[in-house]
Number of protein chains: 2
Amino acid sequence: MSTSTDPDDIEEGLSFQPKFDASGLVTCVATDASTGEVLMVAHMNDEALRKTILSGEAWYFSRSRNALWRKGETSGQVQRVVEMRMDCDQDAVWIRVEQTGAACHTGRRSCFYRAVIPGSPGTPASLEFRDDERTFDPAQVYGKDGV
Amino acid sequence: MSTSTDPDDIEEGLSFQPKFDASGLVTCVATDASTGEVLMVAHMNDEALRKTILSGEAWYFSRSRNALWRKGETSGQVQRVVEMRMDCDQDAVWIRVEQTGAACHTGRRSCFYRAVIPGSPGTPASLEFRDDERTFDPAQVYGKDGV
């Protein structure tokens with residue numbers, strides 16, 4: 001990969017030069033290729049990015065487990081990448097995917113299953129469920145610890 | 001805001017308790033409410049999140065400028081929030097917005113105006129323009145330095 005720091009080259013060029021943060025990661029947004037729904041936000045390190053591009057299936061890097069992770073490895077809920085896009089400053093990736101089953105470890109199609117509802121003046125915001133249906137039981141798929 | 005660290009409460013509860021990272025930020029994905037296109041990925045600190053919820057317009061925190069930032073303050077390209085969603089572990093926010101003009105500082109509708117094209121085996125990936133039309137001239141909007 002090229003390592004140009006010229007903003008014009010990074011923003012207007014055709015060379016793929018991901019800008020990893022201090023932890024070696026870029027942010028990745030996965031959306032459902034057919035509905036446009038945001039399924040999840042996660043991170044990729046250099047290896048996850050390469051494996052995703054080469055295999056056409058989503059790989060991520062788990063910050064909590066400090067490990068490379070093929071999406072669906074445990075759950076079978078893989079993501080086939082239809083298209084990958086890079087943002088202007090090349091520190092974020094958008095993948096449009098065909099999602100098998102559900103993206104969220106809670107068993108829901110998307111991780112974004114709750115809406116934020118503003119409170120009345122002086123009271124805090126709260127959450128409200130949306131699209132809450134589970135497509136699998138996380139305890140069965142990941143074991144009782146849900147991992 | 002509540003400060004529970006019980007995963008069940010964070011993932012299954014209705015209390016809004018954003019999980020800020022070490023820099024005090026959550027990741028925010030903004031999509032076009034009508035097309036589902038990902039417009040941009042940015043960050044919000046506590047204040048940006050509160051102002052977005054209260055005003056119904058997107059506020060962000062710029063890591064490069066270390067400053068709170070009302071989207072469209074300079075460019076006029078504001079984002080009206082149609083819905084805000086929170087993800088399972090509450091460290092990422094998805095806003096569906098009505099975008100005035102363009103989201104990207106380069107003048108394009110979306111920051112994700114280039115696709116990643118896999119290289120042949122042994123050669124690096126490259127980028128290819130998509131939806132490249134500019135809706136404004138950044139030099140005119142932000143000045144010649146493009147800031």
Side-chain angles (χ1 to χ4, degrees), chain A residues 1-2 7 11-18 21 27-29 31-32 35-38 40-43 49-50 52-54 56 63-64 83-96 104-106 108 110-119 121 124-130 146, chain B residues 1-2 7 11-18 21 27-29 31-32 35-38 40-43 49-50 52-54 56 63-64 83-96 104-106 108 110-119 121 124-130 146:
Chain A
M1 299 175 193
S2 170
E11 295 184 354
E12 301 300 331
L14 294 179
S15 118
F16 176 63
Q17 36 191 332
D21 69 10
T27 303
C28 177
V29 182
T31 63
D32 185 304
T35 65
E37 182 184 25
V38 176
M40 58 186 281
V41 170
H43 295 84
L49 203 44
R50 287 171 190 269
T52 302
I53 293 170
L54 281 174
R63 294 181 299 177
S64 57
E83 187 182 39
M84 179 186 276
R85 300 266 191 120
M86 201 74 177
D87 82 341
C88 45
D89 57 1
Q90 301 207 29
D91 67 354
V93 172
W94 167 25
I95 51 175
R96 295 195 306 116
C104 187
H105 74 287
T106 66
R108 284 132 179 150
S110 160
C111 294
F112 293 87
Y113 50 84
R114 288 170 299 181
V116 179
I117 310 298
S126 60
L127 302 177
E128 210 173 82
F129 280 101
R130 298 271 189 280
Chain B
M1 298 175 194
S2 170
E11 294 183 354
E12 301 299 332
L14 296 178
S15 118
F16 176 63
Q17 36 190 333
D21 69 10
T27 303
C28 177
V29 182
T31 64
D32 186 304
T35 66
E37 181 183 27
V38 176
M40 59 187 281
V41 170
H43 294 84
L49 203 44
R50 286 171 190 270
T52 301
I53 294 169
L54 281 174
R63 293 180 300 176
S64 57
E83 188 182 39
M84 178 185 277
R85 299 265 191 122
M86 202 73 176
D87 82 341
C88 45
D89 56 1
Q90 301 208 29
D91 66 355
V93 171
W94 166 24
I95 51 176
R96 295 196 306 117
C104 186
H105 75 287
T106 65
R108 284 133 179 150
S110 161
C111 294
F112 293 86
Y113 49 84
R114 288 170 299 181
V116 179
I117 310 298
S126 60
L127 303 177
E128 209 172 81
F129 280 101
R130 298 271 190 281

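Order of the sequence lines sets the chain letters (A, B, ...), proteins ahead of strands, with each chain counted from 1. The model shown is predicted, which means the values in this text are computed figures rather than measured ones.
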*Residues in side-chain contact (heavy atoms from CB on, under 4.5 Å) with B:S110, at least two apart?*
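Expected list: B:E37, B:L39, B:F112.
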*Could you list the residues that satisfy side-chain contact (heavy atoms from CB on, under 4.5 Å) with B:E128, not counting sequence neighbours?*
B:I117, B:R130
Which atoms of [X] come close to chain A, meaning under 4.5 Å heavy atom to heavy atom: side chain ones, backbone ones, both, or neither?
X      : result
B:T106 : side chain
B:D32  : neither
B:V38  : both

*asked:* Counting C-beta onward and ignoring hydrogens, is there a side-chain heavy-atom pair between B:P118 and A:I53 closer than 4.5 Å?
replied: yes
*Compare all side-chain heavy atoms of B:F129 with those of A:E12 and state whether any distance is below 4.5 angstrom.*
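Contact flag for B:F129/A:E12 side chains = yes.
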*Atom pair CD/SG of A:E11 and B:C111 - distance to nearest 0.5 Å*: 9.0 Å
*Of A:T31, A:V41, A:T27, the residue whose pairing with B:V29 passes side chain to side chain contact (heavy atoms under 4.5 Å, CB included)*: A:V41
_Among A:G56, A:G36, A:A115, A:C104, residue most engaged with chain B (heavy-atom pairs, under 4.5 Å)_ =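 Looking at each option in turn, the highest pair count goes to A:A115.
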*Before accepting this row, confirm whether a basic side-chain N of the pair B:R63/A:D21 lies closer than 4.0 Å to the acidic partner's carboxylate O.*
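Answer for the salt bridge query: no.
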*asked:* Donor-acceptor pair, distance only, cut-off 3.5 Å: does the side chain of A:R85 make one with the backbone of B:Y113?
replied: no
*Indicate yes or no for a side-chain donor-acceptor contact from A:R114 to the backbone of B:S15 under 3.5 Å, with no hydrogens or angles considered.*
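No: the side chain of A:R114 does not pair with the backbone of B:S15.
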_Is A:R108 in contact with chain B via its backbone, its side chain, both, or neither, using a 4.5 Å heavy-atom distance?_
side chain
